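Nothing fancy with the numbering, it's 1 onward along the sequence. Since we're looking at a predicted model, the values are computed, not measured.
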Amino acid sequence: MGCCTVTHTNLDHLVRWESDWAGLRVVVAGLGLSGFSAADTLIELGAKVLIVDGSDTEVNRARADTLKIVGATDVLLGGAHNDALPLIDGQAPQLVIASPGWNPRQPLLAAAAEAGIEIWGDVELAWRVREKEGRKLAEWVVITGTNGKTTTVGMTESIFRAAGLRSIAAGNVGTPILDAIRDPEGFDVIAVELSSFQLHYTHSMSPLASVVLNIAEDHVDWHGGFENYKADKAKIYERTRLAAIYNAEESVVESMVENADVVEGCRAIGFTTGIPSLSMVGIVEDLLVDRAFIEDRKNSATELVPLDSIGEIVPRHTAANAAAAAALARAFGVEPEAVAKGLSGYDAGDHRIQAVARRDDVLWINDSKATNPHAANASLGAFSSVVWIAGGLSKGVDYNELVSSNATRLKAVVLIGTDTAGLREALQRHVPQVPVIAADVRETEEEAVAGAGWSVMAAAVKAAAEIATPGDTVLMAPAAASMDQFTSYAQRGEAFIGAVGALMGETSK
C-alpha cells in the first residue's frame, strides 16, 4: 500500500547516537552492503525499520532473514515494491534512507521527495550517529572525484597508519561507513571515499578536510545531466573545517572550492603534478613536496617522498593521487616522515596501472579499473606508443576527446565489448590511419552477455601481440564498464592477466 497523507517530521535533533531515535519510522531503500548496515544501525537505535529491494535473490533473502531476527518491521523484496512509498504500522515513514544505486527519479524516492519526507544516505546517517558516549570520536577526511578515489583513500589510510594512528578506509570502498562508525574501539581518523551518489544524499557532514581529485563526464544518466553531477561532487566541500583541497590543474574543481560554503578559517589547499605555488603540494625534480603546511611556505618547501619510492610505474595521475593524499594527511598534522613511509608502503593492488609482463621490450599493462574515458586518458598519457585494448559498456559517454588527445600515442586499437559503436566512430574521425581490430568471437548476442568475455580477451591479447614491437606498451584500459561481458572490472582484469600469462607460456615453448 502506498502512503497518501504525510506530516513532515523535523529531524534536526537527531545528531548523535544517544538522540531519540526510538520509534522513528524509516524506509531503507536497497539491501546492498550500505543498505544492510543502515537498517542494522537504525534497528539498534530503536527505529521502526522497513526495508525495500527490487531484487528477490538468495543473498537478499538471507539478509532479510537476519534483519527480521534483529527486529526489522518488514522486508519487501521484488520489483513491485519499488514503485510506491510503503506504510509502516499503517503510517507514513518519517525518513527514507536511499542506497547509492537508487537515483532520485526512482518512483519510491520521488514519492518521498514530493511528500516532503527527508531522504538521507548511509553517509548522512553515519555523520549523525558518529558521536557516542564512551566511544572515540574519529575525524573524517573525505575524498571524491571521477577517478582515483580508491587509490587516494588507500594512500591516505596507509599514511595515517604509518603515523601510528588508528585509521580505516571506508565509505564507497571496502568497509561501509556505518560499520566503521560502530567499531567498538573507534578510530582516530577515517578516510572516507564518497561517490557522487552518496554525496547527493548527504546534507550535514562537516569534515576536517575534503578533496575533489578531478571531474569529468560520468554517471550522467543517474544524475540527469553533467551539471547535476558536478553539483553533487561539489557538496563535499560544504562545511569543511580546516582544509578544502583541490586539483590546481582543473579550473572546474578550483571553482568548486571558490564557491563552497566552508567553515570560517578553512584554507584552500591546491595539489599539482607541477611545481607547487604557495599553499600547494606538488612535484619538484621527481620529489613530492609540501608548500602548504609549513611555516615558511613563502620561501621554501618540505620534501615528503621521492616519486620512485611510490612505485615502479608512477604515471601523472598516480602522482596527483599521492599529492592529494599527502595534503589530507598533512592537514591532519601527520609529519613528513610518516607521509613518506605511508606512500612508500602503499600497495595499489591489482587492475590499476598493473604491470603484468615485459618481454622483448613490450610492456603489458592491466588497467581494467579505467572504466570511463577520463581514467583511460590518464593511463594512455603515461605511455608513448600504445596498442590499446578498449571497449565495453560505454554508459553513453563521448569518446571523441579521449581519442583526439591521444592520437599520437595510438599504434593500434583492439576492441572488446558488445557495444563499440561510439568508440569506433571516434577512432574513425580522429585517427583513421590507426588499425582497429575487433576481438569478437561471439556467435550470438546472448553468448556475449552470457560470458564470452574470457574468450574475447584471449583473442584481444593474441591480436595485440601480433602488432606490438619493441618499445610498445599493450595497455588494457577499456574506458568502459565491464558488465556486458564480465561480472566486474576485477574479473575483466583477471581475464587479461590470464590471457597474457597463457601467451607468455606459449611463446616460451
Only counting residues at least two apart or in another chain, list the ones meeting side chain to side chain contact (heavy atoms under 4.5 Å, CB included) with [X].
X	value
Ser195	Asn172, Phe197, Gln198
Ala390	Trp388, Leu423
Ile275	Val284

- Query: Cationic tip of Arg358 within the cone over Trp364's six-membered ring, i.e. under 6.0 Å and within 45° of the normal?
  - Reply: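 Cation-pi check for Arg358 and Trp364: fails.
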
Please list, chain by chain and in numerical order, all residues satisfying salt bridge (Lys or Arg N to Asp or Glu O under 4.0 Å) with [X], sequence neighbours excluded.
X	value
Glu254	none
Glu44	Arg182
Arg16	Glu18, Glu131, Glu133
Asp183	Arg166

Is there a side-chain contact between [X] and [Y], using heavy atoms and a 4.5 Å cut-off?
X	Y	result
Met280	Arg297	no
Asp367	Met476	no
Val339	Asp290	no

- Qualifying salt bridge (Lys or Arg N to Asp or Glu O under 4.0 Å) pairs, either residue in residues 256-279, two or more places apart: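 Those involving residues 256-279 do not exist here.
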
- Contact list for residues 140-160, test salt bridge (Lys or Arg N to Asp or Glu O under 4.0 Å), sequence neighbours left out: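 Applying salt bridge (Lys or Arg N to Asp or Glu O under 4.0 Å) to every pair that reaches into residues 140-160, excluding sequence neighbours, yields Glu157-Arg161.
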
- Tell me, please, which residues at least two apart from Trp140 pass ring pair (Phe, Tyr, Trp, His ring centres under 6.0 Å). Trp127

- Task: Report the residues that fulfil ring pair (Phe, Tyr, Trp, His ring centres under 6.0 Å) with Phe36, sequence neighbours left out, ordered by chain and then residue number.
- Result: none

- Message: Could you measure the distance from the CG atom of Leu33 to the OG1 atom of Thr175? Nearest 0.5 Å is fine.
- Response: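 Here the rounded value is 10.0 Å.
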
- Item | Nearest-0.5 Å distance, CG of residue Leu194 to CE of residue Met205 |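 Spacing of CG (Leu194) from CE (Met205) equals 5.0 Å.
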
- Side-chain donor/acceptor of Arg291 to backbone N/O of Asn299, under 3.5 Å: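 The answer is no, because no donor-acceptor pair under 3.5 Å joins these two groups.
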
- Message: Would the distance check show the side chain of Glu250 and the main-chain N or O of Val253 forming a donor-acceptor pair, the cut-off being under 3.5 Å?
- Response: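 Looks like no, no N/O pair under 3.5 Å.
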
- For Thr150 and Val153, the nearest pair of non-hydrogen atoms, with its separation, is O-CG1, 3.3 Å

- Heavy atoms only: give me the nearest Val431-Ala407 pair and the separation to one decimal. CG1-CB, 3.4 Å

- Arg316/Glu249 salt bridge by N-O under 4.0 Å criterion: yes

- side-chain hydrogen bond (donor to acceptor under 3.5 Å, both in side chains): pairs with one or both residues in residues 335-345, sequence neighbours excluded: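 Every pair satisfying side-chain hydrogen bond (donor to acceptor under 3.5 Å, both in side chains) with a residue in residues 335-345: there are none.
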
- Message: Quick check on the 6.0 Å ring-centre criterion: do Tyr246 and Phe271 meet it?
- Response: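 Distance test on ring centres: not under 6.0 Å, no.
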
